[in-house]
Amino acid sequence: MMDALVTLFITIITAVIVYVGSEIRKNERARTIFNVLEPLAKDAVVAAQKLGVTEYLSGTMKKNHATKTVTQALLNAGFTVKDEQVIVNAVEQAYAKQRDLLKQYPQKDKEAG
């Protein structure tokens with residue numbers, strides 16, 4: 001009877017350790033994504049703004065370009081973000097924080113068609 005309880009206890013402890021280890025790894029990946037998301041978004045926003053110097057891009061087109069750039073960079077690094085709104089929010093925040101910096105890149109006007 002005592003051996004059965006010890007075996008059960010060890011089995012439960014092992015399962016808990018495996019679960020906790022798995023959760024810690026998930027948390028570390030989430031923290032890593034969070035830490036790289038802001039600088040990636042800043043760089044992507046600047047790149048999209050620079051692209052608008054030589055060809056007309058609407059604000060939505062620049063936002064979409066920056067969002068795709070961040071998503072691809074994360075994928076290339078082995079990360080996936082299931083909720084794209086997280087990336088969109090990071091891009092919008094990066095744009096808002098860099099408004100003055102972005103003004104140094106004059107945007108090409110939409111040509112009359």
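Bear in mind that the values here come from a model prediction, so they are computed numbers and not experimental data. Note that the numbering runs from 1 along the sequence shown for the chain. Excluded from the calculations below are hydrogen atoms, water molecules and symmetry mates; all remaining heavy atoms, backbone and side chain alike, are included.
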Inset, instruction - Could you tell me which non-hydrogen atom of Thr54 sits nearest to which non-hydrogen atom of Lys108, and how far apart they are? - result: O-CD, 3.4 Å

Inset, instruction - Following the transitive rule for hydrophobic clusters with a side-chain heavy-atom cut-off under 4.5 Å over Ile, Leu, Val, Met, Phe, Trp and Tyr, establish whether Val46 and Tyr95 coincide in one cluster. - result: yes

Inset, instruction - Give the C-alpha distance, both sets of side-chain angles, the deciding distance and a yes or no for side chain to side chain contact (heavy atoms under 4.5 Å, CB included) between Leu102 and Arg99. - result: CA-CA 5 Å; Leu102 298 175; Arg99 279 186 192 260; 5.7 Å; no

Inset, instruction - Ignoring hydrogens and angles, tell me if any N or O in the side chain of Gln107 forms a donor-acceptor pair with the backbone of Gln49 under 3.5 Å. - result: yes

Inset, instruction - With rounding to the nearest 0.5 Å, note down the distance linking NZ in Lys63 to NZ in Lys68. - result: 13.0 Å

Inset, instruction - Indicate the atoms forming the closest heavy-atom contact of Tyr56 with Met61, along with that distance. - result: O-CE, 4.1 Å

Inset, instruction - Tell me yes or no: between the side chains of Gln93 and Asn89, is some donor less than 3.5 Å from an acceptor? - result: no

Show every donor-acceptor pair shorter than 3.5 Å between a side-chain atom in residues 34-45 and any protein atom, with sequence neighbours excluded, or say none if there are none.
from	atom 1	to	atom 2	distance (Å)
Asn35	ND2	Arg31	O	3.3
Glu38	OE2	Lys97	NZ	3.4

Inset, instruction - Using the rule that two of Ile, Leu, Val, Met, Phe, Trp, Tyr join whenever any of their side-chain heavy atoms come within less than 4.5 Å, decide whether Leu74 and Val86 are in one cluster. - result: yes

Inset, instruction - Please check if Val91 and Leu51 belong to a single hydrophobic cluster, counting links between Ile, Leu, Val, Met, Phe, Trp and Tyr side chain heavy atoms closer than 4.5 Å. - result: no

Inset, instruction - Can you see which heavy atom on Glu84 is nearest to which on Thr67, and at what distance? - result: OE2-CG2, 3.4 Å

Inset, instruction - Considering non-hydrogen atoms only, spot the tightest contact between Lys62 and Leu57 and give its length. - result: CE-O, 3.5 Å

Inset, instruction - Check Thr69, Ile33, Thr71 against Ile87 for a side chain to side chain contact (heavy atoms under 4.5 Å, CB included) and give me the one that passes. - result: Thr71

